[in-house]
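Below: the structure, in structure tokens.
Below, read A as the first sequence line, B as the second, and so on, with proteins coming before strands; counting in each chain starts at 1.
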Number of protein chains: 2
Amino acid sequence: MSDLLERLRGRGWRMTAQRRVVAEVLDGDHVHLTADEVHARAVERLPEISRATVYNTLGEMVTLGEVLEVATDGRAKRYDPNAHRPHQHLVCARCGAIRDVHPAGDPLADLPVTERFGFTVSDVEVTYRGICPSCATTA
Amino acid sequence: MSDLLERLRGRGWRMTAQRRVVAEVLDGDHVHLTADEVHARAVERLPEISRATVYNTLGEMVTLGEVLEVATDGRAKRYDPNAHRPHQHLVCARCGAIRDVHPAGDPLADLPVTERFGFTVSDVEVTYRGICPSCATTA
DNA sequence: ATCCTACGATGGACTTTGTCTAAGTCAAGT
DNA sequence: ACTTGACTTAGACAAAGTCCATCGTAGGAT
């Protein structure tokens, strides 16, 4: 069931009720939750879980490469459990809705060596912005 | 001299000492400053300028399309005076240094209609990440 | 099964980044 | 120079996140 949980367990993670709940919340719906949203949902199952623990756990999962951090607006970071399939994000400029998208081509290859200034470029993050269908109809 | 200042004046902006200083600071070095860095530099020239004014002024310049907001990390937004030449950003994952870069091709065209989910896509933001030459040498 | 202990969790203080408001100030048109 | 509405100010407030001292417990050792 919880694929994410299995992967974490396989890495020798010490399993606690708190970590299990955070992993389950993240892996549940495939939406992109903020840390506070994760905390809110975790509290429903484990009322005494603290914010610090949620932040710590999310941070560890990011370090382990099992979860991605996405900063689509200047506000709270969002956490994306879909770390093992490369993808980009499409964000509604009005309501903030986020969809995973898969552009054609490799954006990394589009950056010529002359435009790399000696950097060792290892990653590229692409954020498309627009208006989603439901925001478009409600004027 | 201050191209940015000229453009703002041409739009009927009420010119004040504070706005002039903010525009000059931004247009001076072509680095990507945070709001607080802008404030720190502005204070050197106009000691009584307040943080709120810097935030207001930057926000207005963004609304007018004369300055771009870039959120390369989850931290403070940075302000980019180079709004009239389309470009993307290359960020050092270690020290946070930012360079403007010009990828080949149009990233917007790389998103097939089938991957747009009914969104009206109007903009794309690309952030390349890597290690800059000076961080690479200092282990 | 029980004990130990290092790792994890807790909550509250603290920091950073940004917004808001009420009151004072000033640029620019008349 | 006067007037007025736009601009600025200081400080309170808010949101997002980090830090720390202390307490609790998972899981190996016995």
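Following rounding to the nearest Å, A:Met15 (CE) and C:dC7 (P) show an atom-to-atom distance of 17 Å. In this structure, A:Ile49 atom CD1 and C:dG8 atom P are separated by 14 Å, rounded to whole Å. Between the CD atom of B:Glu48 and the P atom of C:dG24 there is a distance of 18 Å, given to the nearest Å. If you measure from atom CG of B:Leu46 to atom P of D:dC7, you get 16 Å, rounded to the nearest angstrom. Protein atom NE2 of A:His39 is 15 Å distant from nucleotide atom P of D:dT18, rounded to whole Å.
Residue whose closest nucleotide on DNA chain C sits further toward the 5' end, between B:Arg14 and B:Asp36: B:Asp36. Looking at which nucleotide of DNA chain C each of A:Arg51 and A:Asn56 is closest to, the 5′-most match is held by A:Asn56.
Of all nucleotides listed (D:dC7, C:dA28, C:dG18), C:dG18 comes nearest to the side chain of B:Ala76. Checking C:dA27, C:dG12, C:dT17 against every side-chain atom of A:Ala52, the shortest atom distance belongs to C:dG12.
In this model, a donor atom of one side chain and an acceptor atom of the other lie less than 3.5 Å apart for B:His84 and B:Glu66.
Taking all atoms of both residues into account, the shortest heavy-atom contact from B:Val124 to B:Pro107 is CG1-CB, 4.0 Å.
Within the 4.0 Å cut-off from OP1 or OP2 of C:dT17, not a single side-chain nitrogen or oxygen of B:Thr34 is found. For A:Thr53 and C:dT10, the shortest distance from a side-chain N or O to OP1 or OP2 is below 4.0 Å. Between B:Gln18 and D:dT9, a side-chain N or O to OP1/OP2 separation shorter than 4.0 Å is present. Between B:Tyr55 and C:dG18 there is a side-chain polar atom (N or O) within less than 4.0 angstrom of OP1 or OP2.
A:Thr72 OG1 to A:Tyr128 OH: the interatomic distance, rounded to the nearest 0.5 Å, is 15.5 Å. With rounding to the nearest 0.5 Å, the separation of CZ in B:Phe119 from OG in A:Ser134 is 8.5 Å.
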